[in-house]
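Worksheet: the structure to be examined is printed underneath.
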Amino acid sequence: MLFEDHVAPSPLLAGLNTEQGAAVTLPPEHALILAGAGSGKTRVLTTRIAWLLQTGQVTPGGILAVTFTNKAAKEMMTRLSSMLPINVRGMWIGTFHGLCNRFLRAHHKLANLPQTFQILDTQDQLSAIKRLCKQFNVDDERYPPKQIQYFISGCKEDGQRPGDVVARDEEARKKVELYALYEEQCQREGVVDFGELMLRSFEVLRDNDPVREHYQRRFRHILIDEFQDTNRLQYAWIKMFSTPPLEGLTPAGNAVFAVGDDDQSIYAFRGARVGNMADFVREFNVRHQIKLEQNYRSCSNILDSANELISHNSHRLGKNLRTDAGAGEPVRVFEATSDFAEAQWMVDEMKQLARKDVPKAEMAVLYRSNAQSRVVETALFNAGLPYRVYGGLRFFERAEIKHALAYLRLLENPNDDTSFLRVVNFPPRGIGARSIEQLQDVARSAGCSLHDAVSAVTGRAGVAIGAFVAKLDVLRERSEGMTLSEIIELVIDHSGLVDHYRAEREGQDRVENLEELVSAAKSFVGIEGFGRDAVARTVDASGQPLTQSPASQGFDASLPVLDEPLAPDADTGETMSPLAAFLTHAALESGDNQAQAGQDAVQLMTVHAAKGLEFDCVFITGMEEGLFPHENSMSDRDGLEEERRLMYVAITRARKRLYLSHSQTRMLHGQTRYNMKSRFFDELPEACLKWLTPQQPAWGVPSGAGGGGGQWQNGRRSFGAPPVLQPAWSPGFNEKGDPKGLGQTAPEPDRGTDIRAGQAVFHNKFGEGKVLAIEGAGADARAQVSFTRHGVKWLALSVAKLTPIP
DNA sequence: TCCTCAGAAGTTTTT
DNA sequence: CTTCTGAGGA
């Protein structure tokens with residue numbers, strides 16, 4: 001039987017396959033869905049919610065759905081509202097941090113936080129730590145602030161307060177001490193970092209039985225996306241919402257519906273614990289495990305490659321993707337002589353694809369590390385192909401935006417010392433390190449914020465800083481009654497930010513970004529994370545369990561629960577201002593890091609950034625030992641297995657056509673590296689591959705023997721000197737095996753000899769062109785080249801690197 | 001107090 | 001080869 005028979009068939013279920021339908025219609029008990037790449041995971045998750053609602057098993061208020069990214073949360077909301085005419089806002093759907101924020105605002109008293117607490121992002125956290133270290137004269141050689149930050153975040157992710165950490169040596173003790181001091185500082189300033197959002201809300205739930213029990217009763221269905229990416233604390237947090245394991249199977253309990261894919265776990269480095277999946281099954285006594293193995297994305301050559309590769313990992317939960325699509329095209333493998341040549345080959349290939357009407361947005365270049373994007377960008381730029389690089393600074397992380405936000409935060413909370421220090425002398429107003437030190441001394445001895453210490457500072461410094469504070473006070477006063485965007489306009493004008501950037505040579509972009517901030521504010525409609533959860537507040541206010549159970553109270557979909565962000569707090573009459581809401585939004589959602597969509601452009605990104613995306617044509621570049629798998633991950637098995645999962649993610653991004661390329665030499669950190677091809681080539685099914693370049697045999701051994709470069713097995717080396725033995729196949733190598741000869745000759749084979757009039761050539765700076773004429777000979781030889789993008793130029797052949805293009 | 005230059009470091013990243 | 005950060009000079 002396909003679906004539970006007590007449930008009437010629903011149009012929602014139309015089009016689902018057997019596995020998907022089974023997952024969607026599972027009884028209200030804990031379940032783990034192993035959802036392979038491209039198996040319709042998001043669809044199952046959202047349809048499950050829609051189905052639960054439609055069949056009356058739950059009301060919107062009884063849903064808690066957690067994701068990792070805002071993007072995923074938004075998508076879930078959108079899909080859901082297209083499926084059902086319901087008030088999506090009554091549900092708790094959001095990111096872990098977004099929901100924690102909402103929770104802490106509602107229970108700020110129990111959490112011992114001001115209702116308008118502000119959120120430190122990673123940058124802010126680091127500067128707060130630096131400030132702390134300076135204040136306590138910490139040797140930043142022995143204890144680099146970055147490392148302290150890593151330590152603190154790690155502790156919080158493991159649910160440990162300073163008192164819980166076992167410090168065995170001097171170093172650990174010092175770190176714990178700093179952790180404790182950092183906590184004090186944050187508490188004093190009324191700010192929380194990302195880890196604190198999670199940990200603090202976890203603790204409120206753990207330590208307040210009525211609150212915990214209230215939420216346990218309220219959330220009948222808890223759904224978690226990307227479960228393989230959860231860390232220890234997030235798992236513990238989920239446990240707080242779920243009813244105790246023993247009751248897990250009773251009708252009274254709630255149900256945790258976890259969706260994930262252990263093969264796509266690629267975030268161990270930031271604390272993700274795949275083991276949570278197995279723990280979940282054990283601790284929650286999970287009876288329902290469903291594998292979604294039907295893939296709707298890729299052709300079988302691609303899928304078989306992915307399956308074969310990942311089968312080399314041990315400790316898998318076990319899963320094999322299948323597809324109804326045909327074999328499709330083979331996976332193409334290319335070996336380049338240099339990273340330049342690799343990029344150039346890609347560009348040529350892309351042009352051909354474009355000629356075959358493949359949209360550029362359906363071509364993606366994936367790489368292991370960001371540094372690899374540069375060569376590709378250069379090649380694309382020179383060829384005049386539009387491209388878009390993912391990653392990099394997001395909107396709310398930009399310096400000018402952070403500055404503006406710092407002013408805004410100071411309007412809300414003058415005690416925010418991080419923000420104070422950020423802008424006290426920006427734009428420069430003659431307040432130097434000396435003055436600031438003086439101020440910090442006063443603040444320290446008085447135990448107050450920098451803002452409050454100002455009046456006690458004497459002399460010139462006091463005057464200058466006093467003027468700054470007065471300016472803030474004026475801005476705060478004038479902003480009364482203004483709309484959000486008016487306030488922001490006021491602040492960026494009167495803080496001097498706009499003027500400062502206008503005067504700067506390259507400040508135009510920054511001015512535009514500041515203007516963009518104003519428009520962002522205009523379109524900002526806050527619904528997230530503040531305001532009034534009627535039920536939650538009842539508990540918070542009285543500190544007692546509800547006299548009336550949420551179930552009997554009912555959670556009518558039409559009843560706005562979290563829909564009035566600006567409603568005053570019932571006890572204090574406090575309101576969360578639009579500005580405070582906007583600042584929260586800015587901290588929790590740092591904005592797009594993919595450039596504006598719209599233009600048809602080739603997509604460039606790291607493999608990590610590609611997770612969850614799909615493209616018709618995918619190029620995975622830099623398939624070399626040391627790069628992919630990365631050298632830092634190769635030493636232990638866990639590291640290597642994560643690299644393999646990363647490769648698995650990369651492969652499964654492709655729908656129709658997949659290219660894998662590697663290069664003999666690569667410029668990295670200003671040095672030419674000589675890399676072996678990646679071991680992952682040996683783990684792909686030969687039958688699915690098509691080698692575009694001859695496979696390199698061991699020296700003198702006929703091609704084909706030991707397929708895939710098995711000879712290298714024992715001598716795999718990634719870096720350092722080039723191999724002593726030179727392969728016989730490269731025309732550019734000299735006989736002596738001189739490393740310099742290799743470096744110079746191999747990447748630009750036969751430079752000069754093929755340059756004649758009419759020849760198409762490539763130049764590293766000017767890109768593609770055609771040789772019009774040659775003049776002179778030997779060292780004086782010059783070529784006149786007409787470049788596609790840069791016009792006609794004369795180039796000395798002894799200097800310019802011109803590569804002939806066939 | 002600002003600006004320039006030298007040195008170090010350089011997987012992957014969301015909130 | 002870059003890009004960022006911090007220390008010293010103008």
Side-chain angles (χ1 to χ4, degrees), chain A residues 66-73 94-101 119-127 130 134 140-141 144-146 150 153 156-157 192-199 225-226 229-231 233-234 265-272 339 366-375 378 390-394 396-397 399 425-436 460-461 464 528-529 584-593 605-612 622 626-634 639 642-643 645-647 649-650 666-673:
Chain A
V66 200
T67 65
F68 273 88
T69 63
N70 291 299
K71 197 177 152 208
T95 62
F96 276 102
H97 295 85
L99 294 174
C100 284
N101 171 60
I119 299 166
L120 298 184
D121 67 14
T122 315
Q123 288 177 38
D124 300 331
Q125 187 189 25
L126 185 61
S127 46
K130 281 183 180 166
K134 215 164 244 165
D140 56 1
E141 297 272 282
K146 273 244 173 67
Y150 179 81
S153 304
K156 291 190 180 182
E157 273 164 16
V192 297
D193 59 40
F194 288 131
E196 190 69 30
L197 281 173
M198 290 286 334
L199 183 51
D225 193 16
E226 307 278 17
D229 290 337
T230 51
N231 62 34
L233 178 56
Q234 285 158 340
S265 159
I266 55 173
Y267 286 112
F269 71 91
R270 66 172 196 212
D339 47 350
L366 309 186
Y367 34 81
R368 179 59 186 46
S369 63
N370 287 304
Q372 287 167 255
S373 74
R374 208 182 182 87
V375 219
T378 311
Y390 283 57
L393 270 195
R394 329 269 265 309
F396 287 113
E397 289 168 1
N425 196 34
F426 196 93
R429 48 175 74 87
I431 300 172
R434 232 17 265 268
S435 314
I436 290 166
R460 284 190 50 121
E528 273 291 332
T584 298
H585 165 78
L588 288 178
E589 195 162 349
S590 23
D592 267 342
N593 62 355
M605 66 193 85
T606 64
V607 180
H608 282 94
K611 191 175 167 213
L627 251 192
F628 203 179
H630 195 275
E631 54 178 331
N632 297 358
S633 312
M634 289 195 310
E642 179 144 317
E643 294 291 303
R645 291 192 291 269
L646 199 49
M647 182 63 192
V649 168
R666 185 173 296 276
M667 242 350 201
L668 200 59
H669 307 332
Q671 280 188 321
T672 305
R673 307 238 230 171

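Values reported hereafter were calculated over all heavy atoms of this structure, with side chains retained and with hydrogens, waters and symmetry mates removed. Every chain is numbered from 1 and lettered A, B, ... according to where its sequence line falls, protein lines coming before strand lines.
The side chain of A:Thr606 places an N or O atom within less than 4.0 Å of a non-bridging phosphate oxygen (OP1 or OP2) of B:dT13. Not one side-chain nitrogen or oxygen of A:Ser590 sits closer than 4.0 Å to the OP1 or OP2 atom of B:dT13. Put simply, A:Arg394 has a side-chain N or O that comes within less than 4.0 Å of OP1 or OP2 on B:dT15.
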Could you please spell out the steps behind the side chain to side chain contact (heavy atoms under 4.5 Å, CB included) verdict for A:Asn231 and A:Gln234? CA-CA 5 Å; A:Asn231 62 34; A:Gln234 285 158 340; 3.3 Å; yes
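The separation between A:Arg270 atom CZ and B:dT14 atom P is 7 Å, rounded to whole Å. Atom CZ of A:Phe396 and atom P of B:dT15 are 12 Å apart (whole Å). Atom CZ in A:Phe628 sits roughly 10 Å away from atom C1' in B:dT12 (whole-Å rounding). Atom CD of A:Glu589 and atom P of B:dT14 are 12 Å apart (whole Å). Residue A:Leu393 contributes atom CG, which lies 12 Å from atom P of B:dT14 at whole-angstrom precision. To the nearest angstrom, C1' of B:dT14 lies 15 Å from NE2 of A:His585. Whole-Å rounding puts the A:Glu157 CD to B:dT14 C1' distance at 11 Å. The CZ atom of A:Phe68 sits 9 Å away from the C1' atom of B:dT14 (whole-angstrom rounding).
A:Phe269 places a side-chain heavy atom less than 4.5 Å from the side chain of A:His608. Counting heavy atoms from C-beta outward, A:Arg673 and A:Met667 have side chains that stay 4.5 Å or more apart. Looking at A:Leu627 and A:Tyr367, their side chains never come closer than 4.5 Å, going by heavy atoms from C-beta outward. Considering only heavy atoms from C-beta on, A:Asp225 stays 4.5 Å or farther from A:Phe68 through its side chain.
Within the 4.0 angstrom heavy-atom criterion, only backbone atoms of the sugar-phosphate kind lie near A:Tyr267; the bases stay farther away. Residue contacts shown for A:Asn70 are limited to sugar-phosphate atoms, with no base heavy atom under 4.0 Å away. Contact annotation for A:Ala433: backbone-only contact, meaning every heavy-atom pair under 4.0 Å involves sugar-phosphate atoms and none involves a base.
Contact check on A:Glu157 versus A:Arg270 returns no salt bridge, with no Lys/Arg side-chain nitrogen under 4.0 Å from an Asp/Glu carboxylate oxygen.
To the nearest 0.5 Å, atom OG1 of residue A:Thr67 and atom CG of residue A:Leu99 are 7.5 Å apart. Considering CG of A:Leu588 and OG1 of A:Thr95, their distance stands at 6.5 Å, rounded to 0.5 Å.
Ring pair A:His585/A:Phe396 is perpendicular by interplanar angle, where above 60° counts as perpendicular and below 30° as parallel.
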Polar pairs (N or O, both sides) under 3.5 Å between protein and nucleotides 3-6 of chain C?
{"residue": "C:dT3", "atom": "OP1", "partner": "A:Arg374", "partner atom": "NH1", "Å": "3.4"}

Can you give me the N/O atom pairs linking the protein to nucleotides 2-11 of chain B at distances under 3.5 Å, or say none if there are none?
{"residue": "B:dC2", "atom": "OP2", "partner": "A:Asn425", "partner atom": "ND2", "Å": "3.1"}
{"residue": "B:dG10", "atom": "N3", "partner": "A:His669", "partner atom": "ND1", "Å": "3.4"}
{"residue": "B:dT11", "atom": "O4'", "partner": "A:His630", "partner atom": "NE2", "Å": "3.1"}
{"residue": "B:dT11", "atom": "O2", "partner": "A:Arg368", "partner atom": "NH1", "Å": "2.5"}
{"residue": "B:dT11", "atom": "O2", "partner": "A:Arg368", "partner atom": "NH2", "Å": "2.4"}

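Listed by chain and number, the residues in a side chain to side chain donor-acceptor pair (under 3.5 Å) with A:Thr606 amount to none (sequence neighbours excluded). A:Asp121 pairs by the salt bridge (Lys or Arg N to Asp or Glu O under 4.0 Å) definition with A:Lys402, not counting sequence neighbours. With sequence neighbours left out, A:Tyr150 forms a ring pair (Phe, Tyr, Trp, His ring centres under 6.0 Å) with no residue at all.
Looking at A:Ser369 and A:Gln372, their side chains do bring a donor and an acceptor atom within 3.5 Å of each other.
The C1' atoms of C:dT5 and B:dT12 are separated by 23 Å, rounded to the nearest whole Å. If you take atom P in C:dC4 and the same atom in B:dT13, they sit 16 Å apart, rounded to whole Å.
Between A:Ile266 and A:Asp121, the residue anchored closer to the 5' end of DNA chain B is A:Ile266, taking for each the nucleotide with the nearest heavy atom. Map A:Ser435 and A:Glu397 each onto its nearest nucleotide of DNA chain B; the residue landing nearer the 5' end is A:Ser435.
In DNA chain B, runs of at least 3 stacked Watson-Crick or G-U pairs (N1-N3 plus N6-O4 or O6-N4, or N1-O2 plus O6-N3, all under 3.5 Å) give these stems: B:1-10 with C:1-10.
Side chain A:Thr122 to base B:dT15: a donor-acceptor pair is found below 3.5 Å.
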